[in-house]
Amino acid sequence: MAPRTHAGERGEPSPVPGLRRGRAIAQRLAQRCCPPARARMLASRLCLATLREDPADAEVVSHRLLVRAGFIHKSGSGLYLYQPLMQRVLDKVRRIIAEEIARAGGLEITMPILQERELWERSGRWALYQASRTMLTVKDRNGIEYGLAPTAEEVVTAYAASVIKSYRQLPVCFFQQHTKFRDEIRPRFGLMRVKEFIMMDAYSFHASEDCLERTYQVMRVAYLRAFARLGLSAFAVEADTGAIGGSGSHEFMIAADSGEDAIIYCPESGYAANVERAVGRIAPAAPWQAPAEPRLILTPGRSAIAELVAFLRAQGYADLGAEHVAKCFLAVALVERGGGAAPLTVAAFVRGDREVNEVKLSHAIARHGGGSVLQLRPMHPEEVRAATGAEPGYAGPLPGLGVDLVIVDQALPLDQPLVVGANRTDYHWVGFVWQRDGGRAAAQDDIVRIRDGDHSASGHRLHERRGIEVGHIFKLGTKYSAALGACYLGPDQQLHPFIMGCYGIGSSRVVAAAVEQHHDADGIRWPMSIAPFQAVVVPARPGDEAVEAAARRIYDALLAAGLEAVLDDREAKPGVKFKDWDLIGVPLRVVCGRALAEGRVELKERGGSATEVPLDRIVAEVGDRVRAAQQALLRAADAVA
RNA sequence: CGGAGCGUAGCUCAGCUUGGCUAGAGCGUUGCGUUCGGGACGCAAAGGUCGCAGGUUCAAAUCCUGUCGCUCCGACCA
């Protein structure tokens, strides 16, 4: 390749006879367009796209700031283009995650995004993902149908089966960081919930449960180390396994009020779980003055619990509370039945002051013979009428209740008097004792949503807060290997299905979570490890050649020292530049301005105070601060148990 | 998919109710000048098929129908 002329190198353009005329133009173009050998990070050439006003569709902080500071650009609903600044941050996030997973023994690979339907049918997940409609699909010209990778258990399991023949090769762990797709019901919150995103997904293969358990713990630590290095304060909580399946699972959460997940935790015992899975003890209801025999009471229009309780209190049941009412949640479950999906009607009863946890209910349905639940939805009003013979709001446990399965929460006493619906519009039974008065046969189970103020098994108070899920680890067991016939030869000369684990981190979501956790009124405050630049050099006196030359020298010296710096060479007032870099969130700022005459420049940490530093010390000082910040993050990682 | 709302300049929005002339503002962008350490000012300028299609009408950004897209409220997930 012919040597090119780069801006600032003062090279002679190649002499082309007869083209003198265009030489000046060519030279100017070359200076404008040709990238120098080493990337010069000049603000004027970075296509910065800061916005003074908030975008109209941004609800959460990370969305607002990432758009305003010019990191992401909306390309469609749930689709974002990563701008140059975002690319730099994402690259760093990916590198840190990859380093920690590799440190934990992972081998990096890249799998295809298109996955054949046939493969997914073999694991049985095609029907599941179609039923819940979480997978995007495409067809090729031959009509072959593909899913766009939401995750890659099938692909990696088939791969492992083809390369791993012996227990001697185990354990092994493969991982990748690649684009994932999800047909989101409703994309929102900027990078938080999108149709296309970057995820690190890892898959481990084992010959024993013990070995899986060890790797699971190693991965748990790798996750916490990675989050520590990313400058995020993350914690693990027990989680439901959802559509992935398996026997055990933890989610990694970033505490944030804007988070979509509710977490139940106990500071005393260390218990923490996603509310979908959280278990706890509910204080029993105080006794009340119930009639000795159940009474059918006319309760016109009192279909809501609060109205019903107020009405009955006025009728003389003065000590009645919502906790004495049996609330009925009527639902239609789509359950797996003989390879297909079949509807199953369910009535779930909880105490009137509580709510049904639909995830726990789904598991209860499976436990009580309903089959594996693909989907669960509340009944439509006409379905309620068909099942109860009454308007919605009057469903009760009498034999007339026309559903396939009845499940009662364990906190709802079957031997105590309750207020229940009469399966008749405008009527309730008061003082109904389920067991004594002929309530419909029902299974008792734990289906209630735990909330702030409940107690743990050890008797400590439970708290609730919100969080952003940035990672998830699962013990899969043999779910996929057995379905796909992925086996190794054991020391016993027999074939065994792999015992598997799988592990995911939403790399692009991590970026959003970092902004949620690190921002102020002026903009983003990136942790040093993932900031798009470590330092920005700002000449603060436009037109002052001495200032501009000094800024340029400092910038060059920072680069030469191996630091990631950017020079704000734009023709703008200092105030504009300061605002921009505060918004973008670069951790260190070197301002070259009025103190230059005395041989000093200003060094300011984002969100901190400014100090004046002699010119000959500035590079060392910036380097020290960068290293100190990086080392603090590494120490935090090493402190992970 | 159900419910609510919005599509007008690169961004944030007015104008629509009650149809009417060259469709506006602020920010941003370009040029010139004055400024220059926390989003300066003056002058000039560029930039719009009013989401798209059809209809009503002498006349549509405005009214009607359809359609596409987006946002918000509810059920999935990293």
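Residue numbering restarts at 1 for every chain, and letters A, B, ... go by the order of the sequence lines.
You'll find that the side chain of K579(A) is closest to G39(B), out of U71(B), G39(B), A78(B). Here U71(B) is the nucleotide among U71(B), G37(B), U12(B) with the atom lying nearest to any side-chain atom of K74(A). Nearest to the side chain of P55(A), among A78(B), U71(B), U12(B), sits U12(B). The side chain of E469(A) has A78(B) as its nearest neighbour among A78(B), A75(B), C36(B).
Residue R186(A) places at least one side-chain N or O closer than 4.0 Å to OP1 or OP2 of C73(B). For the pair R541(A) and C36(B), the criterion of a side-chain N or O lying under 4.0 Å from OP1 or OP2 is not met. Phosphate proximity of U71(B) to S77(A): present, with a side-chain N or O under 4.0 Å from OP1 or OP2. For the OP1/OP2 pair of C73(B) and a distance below 4.0 Å, the side-chain nitrogens and oxygens of R188(A) include at least one atom meeting the criterion.
Within the 4.0 angstrom heavy-atom criterion, base atoms lie near R594(A). V194(A) comes within 4.0 angstrom of a base, heavy atoms only. Contact annotation for D580(A): base contact, defined as any heavy-atom pair under 4.0 Å involving a base atom. As judged by a 4.0 angstrom heavy-atom cut-off over every strand, M200(A) is placed among residues making no nucleic acid contact. Nucleic acid contact for E184(A): base, since at least one base atom lies under 4.0 Å from a heavy atom of the residue. At a threshold of 4.0 angstrom between heavy atoms, the contacts of V538(A) with the nucleic acid are absent. As judged by a 4.0 angstrom heavy-atom cut-off over every strand, D544(A) is placed among residues making no nucleic acid contact. Among the protein residues, K604(A) comes within range of the nucleic acid bases, having at least one heavy atom under 4.0 Å from a base atom. Using a 4.0 Å heavy-atom criterion, one finds that V576(A) contacts the bases of the nucleic acid, with or without backbone contacts as well.
Using C1' as the reference atom, C6(B) and C13(B) are 13 Å apart when rounded to the nearest Å. Spacing between C1(B) and C76(B) at atom C1', rounded to whole Å, works out to 13 Å. Taking the P atom of each, U12(B) and A59(B) are spaced 35 Å apart, rounded to whole Å.
Judged purely by distance below 3.5 Å, without hydrogens or angles, the side chains of T157(A) and Y203(A) never pair a donor atom with an acceptor atom. Remark: the E516(A) side chain and the S258(A) side chain contain an N/O donor-acceptor pair separated by less than 3.5 Å. Checked by atom type, the side-chain pair E276(A)/N357(A) shows no donor-acceptor distance below 3.5 Å.
Base pairing analysis places U71(B) opposite A4(B); the two distances defining the Watson-Crick or G-U wobble pair are each below 3.5 Å. With a cut-off of 3.5 Å on both Watson-Crick or G-U wobble distances, the partner of A59(B) is given as none.
A40(B) atom P lies 12 Å from atom CZ of F578(A), rounded to whole Å. Atoms CD (Q83(A)) and P (C11(B)) sit 13 Å apart, rounded to a whole Å.
When the shell of 6.0 Å around CG of D257(A) is examined, it contains 12 or fewer heavy atoms from other residues, nucleotides or ligands. For CD of E598(A), the number of neighbouring non-hydrogen atoms (other residues, nucleotides, ligands) closer than 6.0 Å is greater than 12.
For a distance-only test at 3.5 Å, the side chain of R68(A) fails to qualify as a donor-acceptor partner of the base of G28(B). Within 3.5 Å, no donor on the side chain of E53(A) pairs with an acceptor on the base of G28(B), nor the reverse.
Ring geometry for Y503(A) against Y216(A) counts as tilted: the plane angle lies between 30° and 60°, on a 0 to 90° scale.
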